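Computed from a predicted structure; not experimentally measured. Numbered from 1 within each chain, the chains take letters A, B, ... in sequence-line order.
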2 protein chains.
Amino acid sequence: MREPDISIEECSYRRALEIVSNKWTALVIYALEGGTIRYGAIKSRIADISQKMLTQTLKQLERDGLVVRKVTPVVPPAVEYALTPLGTTLLPFLRLLKGWSAEHYASVSNAREAYDAAQKDALPG
Amino acid sequence: MREPDISIEECSYRRALEIVSNKWTALVIYALEGGTIRYGAIKSRIADISQKMLTQTLKQLERDGLVVRKVTPVVPPAVEYALTPLGTTLLPFLRLLKGWSAEHYASVSNAREAYDAAQKDALPG
DNA sequence: CGGTATCCGCTCTGATACTG
DNA sequence: CAGTATCAGAGCGGATACCG
């Protein structure tokens, strides 16, 4: 039997996926692309993200060294977030993904419709 | 209040994420990078993937038009999978992610350790 | 304003058993 | 070999309420 070469220990690709491949992480990084931005502004930019998920995602990104948090002690408090230099190294990857989607998403959408239609025909009438 | 510009309807980036950003999808595409490959061979390459998840992921990729399934009606059955032309357009993106991980994963790992150590210091002894 | 804490449903995921 | 079916647990993610 062949050895698995796509393992969590050996495959760097897989480790990167652990960082980025969840529902909100990449979206939040994308929202930070334009520079320092306040918590509320991020929330306004990303449709459907809850306060809990935004806070949780930002905390995780901070832990990973991809985002910095700056608190200005005023009343009411102002909290700003920005990408670290490490965080900005992810941007080319995100932009490529965006470009891919712009170019090919329609094809995926069409494929889905065709597939679903074929499935429906296969069922008994 | 500002309008969200990162919504599922308008943001192509977000749609791409829906395709790729789950635990196994990108890994399976990566396993198919080298060309046509049998079901069992994919399973051998990817550590820890269960039969259920592999089947489910392949089916979803087929629906999205990224992978083709070829059944050879012999006994025992032989089923092969390959990337479609559309599927191969994702490879540059995956390779970039892999390169990013090779270059920067250590930084993330270090950041995590530093963050966790700081958290521990903040707790009462 | 920018959180934290809690509850709760739902999906994702893996084990196990069975089929052609 | 390549699946399908079923079950059960863990964790994601949302709604709500409260705090500095």
Side-chain angles (χ1 to χ4, degrees), chain A residues 1-2 4 6-8 14 17-28 31-32 36-64 67-82 115 119 122-123, chain B residues 1-2 4 6-8 14 17-28 31-32 36-64 67-82 115 119 122-123:
Chain A
M1 170 174 165
R2 189 131 50 108
I6 308 182
S7 64
I8 192 66
R14 186 152 171 179
L17 237 28
E18 295 223 315
I19 300 172
V20 176
S21 105
N22 70 62
K23 194 171 178 181
W24 300 113
T25 303
L27 256 25
V28 170
L32 264 53
T36 300
I37 181 174
R38 291 188 64 163
Y39 179 92
I42 304 174
K43 190 158 183 345
S44 296
R45 285 196 67 184
I46 305 179
D48 305 324
I49 193 170
S50 68
Q51 192 171 38
K52 175 183 169 179
M53 282 302 107
L54 179 54
T55 299
Q56 185 175 305
T57 303
L58 284 166
K59 197 174 289 182
Q60 171 209 304
L61 285 169
E62 195 190 359
R63 184 173 107 99
D64 288 347
V67 158
V68 271
R69 193 179 112 115
K70 305 171 200 164
V71 184
T72 308
V74 294
V75 180
V79 183
E80 291 181 323
Y81 293 88
Y115 184 93
Q119 290 299 99
L123 290 174
Chain B
M1 171 173 164
R2 188 135 47 111
I6 308 182
S7 63
I8 192 66
R14 186 152 171 181
L17 237 28
E18 294 222 316
I19 300 171
V20 176
S21 105
N22 68 63
K23 194 171 180 183
W24 301 113
T25 302
L27 256 25
V28 170
L32 265 53
T36 300
I37 182 175
R38 292 187 62 163
Y39 180 92
I42 304 174
K43 188 155 181 353
S44 296
R45 284 196 67 184
I46 305 179
D48 303 326
I49 194 168
S50 68
Q51 193 171 39
K52 176 181 168 180
M53 281 303 107
L54 179 54
T55 299
Q56 184 175 306
T57 303
L58 284 167
K59 197 173 289 183
Q60 171 210 303
L61 284 170
E62 195 190 358
R63 184 172 107 100
D64 286 349
V67 158
V68 272
R69 193 180 114 114
K70 303 172 202 166
V71 184
T72 307
V74 294
V75 180
V79 183
E80 292 181 323
Y81 292 88
Y115 184 92
Q119 290 299 98
L123 290 174

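Put simply, Lys23(A) has no side-chain N or O that comes within less than 4.0 Å of OP1 or OP2 on dT11(C). Contact check, Tyr81(B) against dG3(D): a side-chain N or O comes under 4.0 Å of OP1 or OP2. Arg38(B) has no side-chain polar atom (N or O) that falls below the 4.0 Å cut-off from OP1 or OP2 of dC1(D). Between Lys52(A) and dT6(C) there is no side-chain N or O to OP1 or OP2 distance below 4.0 Å.
Look at NZ on Lys59(B): it is 11 Å from C1' on dA2(D), rounded to the nearest Å. Here the P atom of nucleotide dC1(D) and the CD atom of Gln51(B) are 11 Å apart, to the nearest Å. Atom C1' of nucleotide dG14(D) and atom CH2 of Trp24(A) are separated by 10 Å, given to the nearest angstrom. Between the C1' atom of dC12(D) and the CD atom of Gln60(A) lies a distance of 12 Å, rounded to the nearest Å. In this structure, CG of Leu58(B) is placed 10 Å from P of dT4(D), rounded to the nearest angstrom. Between the CE atom of Met53(A) and the P atom of dG3(C) there is a distance of 14 Å, given to the nearest Å. Going from atom CD of Gln56(B) over to atom P of dG3(D) covers 13 Å, rounded to whole Å. Rounded to whole Å, atom P of dA15(C) lies 14 Å from atom CG of Leu54(B).
Proximity of a side-chain donor or acceptor of Arg45(A) to a complementary backbone N or O of Ala31(A) within less than 3.5 Å is detected.
Residue whose closest nucleotide on DNA chain D sits further toward the 5' end, between Pro76(A) and Ile49(A): Ile49(A).
No side-chain heavy atom of Thr36(B) sits less than 4.5 Å from a side-chain heavy atom of Tyr81(B).
In the set dG13(D), dT4(C), dG3(C), the nucleotide with an atom closest to the side chain of Tyr39(A) is dG3(C).
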